[in-house]
Amino acid sequence: MADEKENIGDKKYKYSIIIPTYNERLNIAIIVYLIFKHLRDVDFEIIVVDDGSPDGTQDIVKQLQQLYGEDRILLRARAKKLGLGTAYIHGLKYATGDFVVIMDADLSHHPKYLPSFIKKQLETDASIVTGTRYVKDGGVHGWNLMRKLTSRGANVLAQTLLWPGVSDLTGSFRLYKKLVLEDVISSCVSKGYVFQMEMIVRASRKGYQIEEVPITFVDRVFGTSKLGGSEIVEYLKGLVYLLLTT
Amino acid sequence: MKHVVKILSLLVAVSAFWIALLQAAIIPRSHTWLLPIYFVVSLGCYGLLMVGIGLMQFPTCPREAVLLQHDITEAKDFLSANGVDVRSD
């Protein structure tokens with residue numbers, strides 16, 4: 001354990017963690033607590049990009065700033081829901097780290113994996129480290145059989161068509177070298193999870209070194225968002241788009 | 001080059017090979033005509049196999065849900081003791 005703390009937290013590197021939020025007043029507080037818990041010897045900042053949450057998320061962030069410091073937690077809000085891709089671009093403008101981590105605010109991405117992302121990057125000098133749920137030490141909790149089936153089917157289809165070089169294409173728990181993120185994000189136009197796929201496929205086509213680390217994904221939200229026919233059509237359209245333009 | 005160009009080149013190469021086989025008649029033509037169908041069906045079966053295997057081996061982590069609950073409790077205790085509102089409404 002002590003070894004881990006000495007190996008990670010190479011003090012000369014700073015990490016910017018961008019977290020887009022919408023109605024996450026409790027989850028954002030828990031995530032911030034857990035990030036501080038697991039990155040004790042690391043130089044980092046958290047950039048919360050809130051899209052005008054009506055539940056008071058921004059008030060909570062301000063309380064967190066009182067507790068942890070305004071230099072550690074940046075609130076860079078927007079007026080309304082404007083989409084994930086633009087949220088990252090917005091957050092990037094204020095990031096002063098050498099590396100940028102993107103993660104979800106709903107606790108499906110656990111901050112305890114942040115040290116393994118950092119370690120993997122330092123070991124391999126990768127441009128991108130992406131979390132994968134689909135390997136042995138990873139995993140998903142909270143998905144029923146149908147959800148697993150569509151996930152697996154979608155993955156096999158994407159692997160066959162795109163040869164992406166990563167096992168988890170739609171994952172959004174990633175660490176980028178800041179310059180790499182700026183380069184890749186400027187050429188991506190998709191929305192939603194196809195955006196995440198486009199990012200990793202474009203990065204792969206550009207020849208950036210991508211490494212993977214296992215992560216576990218606890219989905220407490222799935223029950224509320226059904227995977228319907230329109231989502232499947234969107235996905236297939238996204239695949240064809242990526243097939244033809246990357 | 002774009003990925004789709006790579007795939008199309010592969011298809012063109014395979015098609016050229018197939019047409020050559022038809023011309024050369026090394027294998028009886030009746031068999032050769034069916035080769036593309038065999039290929040597509042095999043690809044489909046391979047895909048289904050991959051989906052099935054992946055589904056059986058799908059990694060799950062029920063322990064993580066429990067650990068997450070502990071983390072949430074720990075976080076809420078610390079935060080409420082330090083002036084952060086932890087109500088979820």
Side-chain angles (χ1 to χ4, degrees), chain A residues 24-27 29-34 36-37 55-56 59-61 63-64 66-68 107-108 110-112 133-143 145 148-149 151-157 159-164 201 204-205 214-220 240 242-246, chain B residues 1-15 35-89:
Chain A
E24 300 282 8
R25 67 178 278 140
L26 178 54
N27 288 336
I30 298 174
I31 280 219
V32 167
Y33 168 80
L34 290 172
F36 276 91
K37 176 179 174 188
D55 74 343
D59 296 329
I60 302 298
V61 177
Q63 290 176 8
L64 292 165
Q66 292 304 307
L67 178 54
Y68 291 105
L107 289 176
S108 55
H110 198 300
K112 69 183 172 187
R133 299 162 284 183
Y134 301 143
V135 296
K136 195 175 63 85
D137 292 323
V140 178
H141 179 79
W143 283 3
L145 186 65
K148 287 182 196 169
L149 180 64
S151 158
R152 189 62 199 157
N155 199 279
V156 167
L157 195 58
Q159 295 288 339
T160 308
L161 288 178
L162 296 174
W163 311 350
V201 172
S204 174
R205 302 288 186 248
I215 57 166
T216 55
F217 184 93
V218 177
D219 194 341
R220 302 183 298 155
V240 173
L242 289 178
L243 181 61
L244 296 178
T245 62
T246 61
Chain B
M1 81 169 85
K2 287 227 186 300
H3 180 72
V4 66
V5 174
K6 256 195 240 168
I7 295 202
L8 287 176
S9 319
L10 206 62
L11 282 177
V12 165
V14 171
S15 308
L35 278 179
I37 302 182
Y38 294 156
F39 175 67
V40 169
V41 171
S42 311
L43 198 62
C45 289
Y46 175 74
L48 287 175
L49 187 69
M50 289 285 100
V51 172
I53 290 178
L55 197 58
M56 283 196 306
Q57 294 177 334
F58 207 105
T60 57
C61 50
R63 248 197 58 204
E64 293 295 324
V66 176
L67 291 175
L68 183 60
Q69 285 307 117
H70 291 159
D71 283 334
I72 292 176
T73 311
E74 179 188 313
K76 279 166 104 163
D77 289 342
F78 176 86
L79 291 165
S80 50
N82 283 278
V84 178
D85 182 1
V86 292
R87 289 168 306 155
S88 46
D89 39 66

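Values below: all heavy atoms of this structure, side chains included; hydrogens, waters and symmetry mates excluded. Just so it is clear, the structure is predicted and the values come from calculations on it, not from any experiment. Residue numbers start from 1 in every chain, and the chains themselves are labelled A, B, ... in the order their sequence lines are given, proteins ahead of strands.
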**Student:** Can you pull out the residues in residues 53-68 of chain B with any heavy atom less than 4.5 Å from chain A?
**Tutor:**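 Contacts with chain A: B/Gly54, B/Leu55, B/Phe58, B/Pro59, B/Thr60, B/Cys61, B/Pro62, B/Glu64, B/Ala65, B/Leu67, B/Leu68.
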**Student:** Side chain, backbone, both or neither: which part of A/Ile31 has a non-hydrogen atom closer than 4.5 Å to chain B?
**Tutor:**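 When you check distances to chain B, no heavy atom of A/Ile31 falls under 4.5 Å.
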**Student:** Taking side chain as C-beta onward, heavy atoms only, is B/Met50 less than 4.5 Å from A/Gln159?
**Tutor:**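 SC-SC contact between B/Met50 and A/Gln159 ruled out.
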**Student:** For A/Tyr68, what residues pass the side chain to side chain donor-acceptor pair (under 3.5 Å) criterion, not counting sequence neighbours?
**Tutor:**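 Here no residue qualifies.
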**Student:** Given side chain to side chain contact (heavy atoms under 4.5 Å, CB included), test A/Leu67 with B/Phe78 step by step and report yes or no.
**Tutor:** CA-CA 11 Å; A/Leu67 178 54; B/Phe78 176 86; 4.1 Å; yes
**Student:** Under a 4.5 Å cutoff for heavy-atom pairs, which residue among A/Asp59, A/Leu149, A/Leu162 has the most contacts with chain B?
**Tutor:**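 Top count of heavy-atom pairs under 4.5 Å with chain B: A/Leu162.
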**Student:** Nearest 0.5 angstrom please: B/Leu43 CG to A/Thr160 OG1, how far?
**Tutor:**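 Atom-to-atom, B/Leu43:CG and A/Thr160:OG1 are 7.0 Å apart.
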**Student:** Does any non-hydrogen side-chain atom of A/Val32 lie less than 4.5 Å from one of B/Val84?
**Tutor:**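 Not touching, per the 4.5 Å side-chain cut-off.
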**Student:** Among A/Lys112, A/Gln66, A/Glu24, who wins on heavy-atom pairs under 4.5 Å with chain B?
**Tutor:**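 Result: the option with the highest number of such pairs is A/Lys112.
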**Student:** Where does A/Leu244 contact chain B at under 4.5 Å (heavy atoms): side chain, backbone, both or neither?
**Tutor:**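 Its backbone and side chain both get close to chain B.
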**Student:** Looking at CG of A/Leu242 and NE2 of B/His3, how far apart are the two atoms once the value is rounded to the nearest 0.5 Å?
**Tutor:**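 If I round to the nearest 0.5 Å, the distance is 10.0 Å.
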**Student:** Against chain B, label A/Val156 side chain, backbone, both or neither, depending on which of its atoms sit under 4.5 Å from a heavy atom there.
**Tutor:**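 Side chain only.
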**Student:** Please examine the side chains of B/Val86 and A/Ile30, heavy atoms only from C-beta on, and report whether any two atoms are closer than 4.5 Å.
**Tutor:**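 No, side chains not in contact.
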**Student:** Does some side-chain heavy atom of B/Leu79 sit less than 4.5 Å from a side-chain heavy atom of A/Gln63?
**Tutor:**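 With C-beta onward as the side chain, the pair stays apart.
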**Student:** Where does A/Leu34 contact chain B at under 4.5 Å (heavy atoms): side chain, backbone, both or neither?
**Tutor:**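 Only the side chain of A/Leu34 comes within 4.5 Å of chain B.
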